[in-house]
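Report on the structure given below.
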Amino acid sequence: MINIQKNIPLAPFTTFKIGGPAKNFVEVGSEDELLEALNYAKENNLEIFVLGGGSNILVNDEGFDGLVIKIQDTRYKIQKDKIEISAGASLSAVVNLAMQNSLSGLEWASGIPGTVGGAIRGNAGIPMGCMANNIESVKVLEVKNKKYKILKNSECRFSYRNSIFKENKDLIIISAVLKLETGDQEEISKKIKEFIENRLKVVHPNPKEPSSGSFFKNPKVDNLQLIANFEKDTGQKSIDGKVPAGWLIDEAGLRGKKIGGAQVSEKHANFVVNIGNAKAQDIVMLSSVIKMKVRDELGVQLSEEIQYVGF
Ligand SMILES: Cc1cc2nc3c(=O)[nH]c(=O)nc-3n(C[C@H](O)[C@H](O)[C@H](O)COP(=O)(O)OP(=O)(O)OC[C@H]3O[C@@H](n4cnc5c(N)ncnc54)[C@H](O)[C@@H]3O)c2cc1C
C-alpha cells in the first residue's frame, strides 16, 4: 500500500539542496507499488517525475505540481559474473557489491552519487568508463500501456550522456543486468580507492558547496584553433573533437563568478555550486550568463547535462 504525501520539500532529496515542494510525493519499493503510484497519477491527472538520488537535477523554487515518484527498490541478484540490480540501488552500493564478489569493471563509477536508474538514463561516466560499457540489458516499464520490456544494450541507444531513456519519457527503468569480469578483490579495492581519491582531489567541489555534478556536457567543437589552445594549455588530448565545458568556462573568465547564492566552483569550473541558500533562480541566471559568455567569446554553444524539474 503506497503512502502519497502532500507538499514535501524536494531540496533535501537533491544534492544541490535547492527546490520547492512536490505537491504529491511517494516512495516506491517494488514494481507493484510503482504501478499503484502510476494509477494514482492517472486517476488524478498528475504529471509524474521519477526521482533517483537527485544528483543530476535542479528543482524549481516553486516545486513540482504533479507526483514525484522516488524509486527505492534496491534488490539484487548475483549470478557468476553478472549482477542484476534494481534501479533504486545507489551506484556506490553496486560498486561495493561488485568488489565484495571479486567482480571487476565498475571501478570507474566509484564516488559518483545517485542511483542505478539515474546513471543508466544519463549514461553516467568519466573518460575511463560509462554505464553503456557495463550494461547487458535493462528492464523497463512502459508507462502508457503498463507493459514490461527487456532492452538489450544495443537497443538502449547509449551515447555520450545520452540513452533512449532520456529521449523517451514513457520508459521507467526498473532494473538492469550488469556484465562484469572476475578479478582480484584486492586489485579492485585498490582501484576504487584511487578513483575516489582522484575525484575528491581533482573533481568534486568542497562538500560544503552542494552541486549537481557537471552542469554542462562537454561540447564538440569545430574551431581547430580552440582545440589546439585547449591541448596546449592543459597537455590533454581532445577526444572526438570535444573540449571540456569547464575549460571553456574558465577561458571565458567565469571561474568563481557569483549570482546570489550560486557560484561557478573555484575548483572545477563546470560545477555550479550552492554557496548558501541559493535559489533555483540564481542557478538559472548564472547558467544563462555562462552560456551567453561562452557563446559570445568562444563561439561554442553549451547544453545542460543536468535536468530541470518543474520549470
Ligand atoms: C559531486 C557530484 C559528482 C558527479 N560526478 C559525475 C560523474 O563523474 N559522471 C557523471 O556522469 N555524473 C556525475 N554526477 C551526476 C550524477 O551523479 C549522475 O548523473 C547520476 O547518475 C544521476 O543519478 P540520480 O539517481 O541522482 O538521478 P536523478 O538526479 O534523481 O535524476 C536524473 C534524471 O534521471 C531520471 N531517472 C532517475 N531514475 C530513473 C529511473 N529509474 N527510470 C527513468 N528515469 C530515471 C530522472 O527522472 C531525471 O530526469 C555527479 C554529481 C555530483 C553531485
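Numbers for residues simply follow the sequence, beginning at 1.
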Atom [atom1] of [X]: over 12 foreign heavy atoms under 6.0 Å:
X: Asn277; atom1: CG; answer: no
X: Asn45; atom1: CG; answer: no
X: Arg255; atom1: CZ; answer: yes
X: Lys201; atom1: NZ; answer: no

Determine whether [X] and [Y] make a side-chain contact, defined as any pair of heavy atoms from C-beta on separated by less than 4.5 Å.
X: Phe165; Y: Ile172; value: no
X: Asn270; Y: Val264; value: no
X: Val177; Y: Ile83; value: no
X: Phe16; Y: Val273; value: no
X: Leu254; Y: Lys293; value: yes
X: Leu91; Y: Thr115; value: no
X: Val272; Y: Gln263; value: no
X: Leu200; Y: Ile196; value: yes

Exam field: side chain [X] to backbone [Y], donor-acceptor pair closer than 3.5 Å:
X: Asn56; Y: Gly213; answer: no
X: Arg199; Y: Ser110; answer: yes
X: Ser265; Y: Lys267; answer: yes
X: Asn60; Y: Val309; answer: no
X: Glu33; Y: Gly29; answer: yes
X: Asn44; Y: Tyr40; answer: yes
X: Asn134; Y: Gly105; answer: yes
X: Thr15; Y: Ser211; answer: yes
X: Gln307; Y: Glu305; answer: yes
X: Glu62; Y: Gly310; answer: no

Passes salt bridge (Lys or Arg N to Asp or Glu O under 4.0 Å), Glu136 versus Lys82? Steps please.
CA-CA 9 Å; Glu136 182 170 278; Lys82 292 181 189 175; 3.2 Å; yes
Give the cluster check for [X] versus [Y]: same hydrophobic cluster or not, with ILVMFWY residues linked at side-chain heavy-atom distances below 4.5 Å.
X: Val294; Y: Ile283; result: yes
X: Ile164; Y: Val50; result: no
X: Leu286; Y: Phe216; result: yes
X: Ile173; Y: Leu178; result: yes
X: Val300; Y: Ile239; result: no

Any chance you could measure [X], atom [atom1], to [Y], atom [atom2], to the nearest 0.5 Å?
X: Met1; Y: Asp32; atom1: CE; atom2: CG; result: 13.5 Å
X: Glu186; Y: Met99; atom1: CD; atom2: CE; result: 11.0 Å
X: Leu298; Y: Trp247; atom1: CG; atom2: CH2; result: 7.0 Å
X: Lys191; Y: Leu106; atom1: NZ; atom2: CG; result: 11.0 Å
X: Ile174; Y: Lys139; atom1: CD1; atom2: NZ; result: 6.5 Å
X: Leu103; Y: Gln185; atom1: CG; atom2: CD; result: 9.5 Å

Taking the six-membered ring of Phe64 (Phe, Tyr or Trp), confirm whether the NZ or CZ of Lys23 is under 6.0 Å from its centre and within 45° of its axis.
no
Can you tell me if [X] and [Y] form a side-chain donor-acceptor pair at under 3.5 Å?
X: Glu209; Y: Asn206; result: no
X: Glu167; Y: Asn162; result: yes
X: Glu107; Y: Ser104; result: yes
X: Gln225; Y: Asn229; result: yes
X: Glu304; Y: Tyr308; result: yes

What's the shortest heavy-atom distance between [X] and [Y], and which atoms?
X: Ala280; Y: Ile18; answer: N-CG2, 3.4 Å
X: Ile57; Y: Thr14; answer: CD1-CG2, 4.0 Å
X: Thr234; Y: Phe230; answer: OG1-O, 2.8 Å
X: Ser102; Y: Ile188; answer: C-CD1, 3.7 Å
X: Ser287; Y: Phe215; answer: CB-CE2, 3.4 Å
X: Leu302; Y: Pro219; answer: CD2-CG, 3.8 Å

Would Leu67 and Val26 count as a side chain to side chain contact (heavy atoms under 4.5 Å, CB included) if you check the C-alpha gap in whole Å, the side-chain angles of each, and the deciding distance to 0.1 Å?
CA-CA 7 Å; Leu67 173 65; Val26 65; 3.9 Å; yes
Salt-bridged, [X] to [Y], with N to O below 4.0 Å?
X: Lys220; Y: Asp240; result: no
X: Lys169; Y: Glu47; result: no
X: Asp61; Y: Lys279; result: no

Quick check on the 6.0 Å ring-centre criterion: do Phe25 and Phe13 meet it?
yes
Begin from the C-alpha positions of Asn218 and Tyr160 and carry the test side chain to side chain contact (heavy atoms under 4.5 Å, CB included) through to its verdict.
CA-CA 9 Å; Asn218 294 331; Tyr160 170 64; 3.4 Å; yes
Given Asp73 and Val28, is the side chain to side chain contact (heavy atoms under 4.5 Å, CB included) satisfied, shown in steps?
CA-CA 7 Å; Asp73 192 347; Val28 297; over 6 Å; no
Show, in sequence, the C-alpha distance, side-chain angles and deciding distance for Asn133 and Phe158, and conclude whether the side chain to side chain contact (heavy atoms under 4.5 Å, CB included) test is met.
CA-CA 9 Å; Asn133 301 348; Phe158 287 120; over 6 Å; no
